[in-house]
There are 2 protein chains.
Amino acid sequence: MGVSLKDIAERAGVSLATVSNVVNGYRPVGEHTRQRVQKAIDELGYSPNLSARHLRRGRTGLIALAIPELNNPYFAELAEIAIREAAGHGYTLVMENTAADREVELQLLEGSRRHIIDGLIFSPVRIGREEVLARTADSPLVLIGEGVYDVPHDHIAIDNVAASHAAIAHLVAIGRRRIAFIGAAPSGDRQSANLRMRGYREALAAADLPFRPRLVAHTDEFGRLDGMRAMRALLALPEPPDAVFAYNDLTAIGALRALAEAGRRVPDDVALVGIDDIEEGRFSTPTLTTIAPDKEEIGRLAVRRLVARIEGTEVAAPLTVQTPFRLIRRESTRTPGT
Amino acid sequence: MGVSLKDIAERAGVSLATVSNVVNGYRPVGEHTRQRVQKAIDELGYSPNLSARHLRRGRTGLIALAIPELNNPYFAELAEIAIREAAGHGYTLVMENTAADREVELQLLEGSRRHIIDGLIFSPVRIGREEVLARTADSPLVLIGEGVYDVPHDHIAIDNVAASHAAIAHLVAIGRRRIAFIGAAPSGDRQSANLRMRGYREALAAADLPFRPRLVAHTDEFGRLDGMRAMRALLALPEPPDAVFAYNDLTAIGALRALAEAGRRVPDDVALVGIDDIEEGRFSTPTLTTIAPDKEEIGRLAVRRLVARIEGTEVAAPLTVQTPFRLIRRESTRTPGT
DNA sequence: GTGAAAGCGCTAACAA
DNA sequence: TTGTTAGCGCTTTCAC
């Protein structure tokens, strides 16, 4: 199986250590020696055996990104950024799909992959503070998304309550009064749904609008189908909403479809705002107004902080970083006269 | 760093080899011994160090899935299936994004990850038969998608020419005569685009329709934006098409948006068919008629054949497997009276 | 049925 | 600036 350091050493007439130093640059190597070694490497086509390196170093060069749904374009876009950033630091990123399953999330925390990954970027949805605190694995952990705070780990997230606020404020500003929320979690165990719900209620209160429980649609999951069903239910109300704030763009897209099927005009009859700024929302008809998190920043920061922890270059106490977001107004809230 | 075999051996009062055999089951272990060892494993919380195991065995337990765009939901859906299947075989799947870049594809073939992966599932778009034949890496390779045939590797794909045929035949059947194709590759180096183009021409000929070069729209990439631009160009023609066959669902979605912006009705003015059956097309307005490959089958089969090659259980000559596809008719071709 | 020991390829401590 | 060597944790051959 392939060319080893030893082969190179023999070919170049030097010791193993010297070849290793040419490859890794830990200590200086004479110019003449370096060239001979490099020549041997090129000729024989050497590449280091990572298993051996990692066995020795105690690290694998792999980091994991655990997300609740690979199918959600938001996470696919985030993953793409994280993969690129990880590669830039010499790490390979492996994706773990938790499928928003509590058991899978717990296993991940317990270090089911302990020996294969150096660190974990984790977007938990079914577990909370207690479970994270009870974590037994000892490799670095960076949390992304919402839901778990006050734990001794770096955490990158947008301010969900503020984001919801901004969405509702926008709907209020264009004159809507019966604003529905799609995507409340059924059992309350989905933290981010709770936060967005809280922002919804706070913003309603701030605008002096009554909170109407019937305008809150619960969903099991947060995909297109869930959004569509929820919207149908809202449309069946005696007094349907004139605006909808959806948990994410995916449920908003589903709502859009339900509205089209029901023959409602968007935004004239019902205005619509989502969260995530997935590309799909820039091409739907109508295009979708959304709260855009800075995915680039989230992905990059998460990887950077994780790598810093792994390599011990970061020693400061774990930080919770709020990344910026902005409202992107598109056709789904572009009403005449506003 | 963790509990090792040695710790277990000491605790249970047996040799390393015995513990290894309890863990791996390569040779029988006495019942009494097994229990003592198992007890020690449970108490100490042992899990094998994979780097060490892999160094010894010469394998890493990692397989890679290299795709041209993680952002394309088709590949995200495929990846999800492949990850699940790989896990079922005890492998971890890492995703490689080639970004449809020829250089990246070549590096992959040369085994840039030689020592980190046991095998590769590869969806090439910029390279052809020669490059695959010149491959230097020696780990197993399974090709998916179209473009490279007659190479000594397993290959899973749908019959692209037939798929295009089916799409065009459907458009002809609902009475369309000026059928455009969106997604011809500019330089001809994108194999699958060429194949779909071929199917398009053949099907036109079979229906006694003239091939009109002006109805063929070239695109640089194959995303929503590309589809939108191409559609705009087609609409600017003196005699625009009455139907469009798009390279994939993503370009079709872009085309749909261009049609909406231009105020054209779909399917009344222009009917539309894509390929891939991504979920987005089930929720767009109108919903998108598509050629649906059997993603489940493709993902599962690719992983299975790769694992079989890695583990040497498959010794038969490499096979090209054509997986089934079917036309799913939705609103974008649902015309009155057909 | 069980044990002893070699060695996978590499890094790093120590020596020269 | 370069070389020697121990040992990371595991599997596997050979011996008992």
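Chain A is the first sequence line, chain B the second, and so forth, proteins listed ahead of strands; every chain is numbered from 1.
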Value in whole Å for how far the [atom2] atom of [N] lies from [atom1] of [X]:
X: B/I8; N: D/dC10; atom1: CD1; atom2: P; result: 9 Å
X: A/L16; N: D/dT2; atom1: CG; atom2: C1'; result: 12 Å
X: B/H54; N: C/dG7; atom1: NE2; atom2: C1'; result: 18 Å
X: A/L50; N: D/dC8; atom1: CG; atom2: P; result: 21 Å
X: A/D7; N: C/dC8; atom1: CG; atom2: P; result: 11 Å
X: A/Q35; N: D/dT1; atom1: CD; atom2: P; result: 15 Å
X: B/N24; N: D/dC10; atom1: CG; atom2: P; result: 10 Å
X: B/E10; N: D/dG9; atom1: CD; atom2: P; result: 12 Å

Check the phosphate of [N] against [X], side-chain N and O only, distance under 4.0 Å to OP1 or OP2. Yes or no?
X: B/S20; N: D/dT11; value: yes
X: B/T33; N: C/dG1; value: no
X: B/Y46; N: D/dC10; value: yes
X: B/R53; N: D/dG9; value: no
X: B/S15; N: C/dA4; value: no

Using a distance-only test with no angle check, is there a side-chain donor-acceptor pair under 3.5 angstrom linking A/Q107 and A/E103? no
Would you say the side chains of A/E80 and B/N97 form a donor-acceptor pair under 3.5 Å? yes
Side chain of [X]: nearest nucleotide among [options]?
X: A/A52; options: C/dG9, D/dG9, D/dT2; result: C/dG9
X: B/R57; options: C/dT11, D/dT11, C/dG1; result: D/dT11
X: A/L55; options: D/dT11, C/dC10, C/dG9; result: C/dG9
X: B/P48; options: C/dA4, C/dG9, D/dC10; result: D/dC10
X: A/L5; options: D/dC10, C/dG3, C/dC10; result: C/dC10
X: A/N49; options: D/dG9, C/dC10, D/dG3; result: C/dC10
X: B/R56; options: C/dG9, C/dC8, C/dT11; result: C/dC8

Ion pair A/R135/A/E110, N-O distance below 4.0 Å: no
Salt bridge flag under 4.0 Å for residues A/R126 and A/E131: no
Is any side-chain heavy atom of A/Y91 less than 4.5 Å from a side-chain heavy atom of A/I310? yes
Looking across every strand, which nucleic acid part, if any, lies under 4.0 Å from A/N21 by heavy atom: base, sugar-phosphate, or nothing? nothing
Please round to the nearest 0.5 Å and tell me the distance separating atom CG of B/L109 and atom CG of B/L120. 7.5 Å
Between B/S51 and A/H32, whichever has its closest DNA chain D nucleotide further toward 5' is A/H32
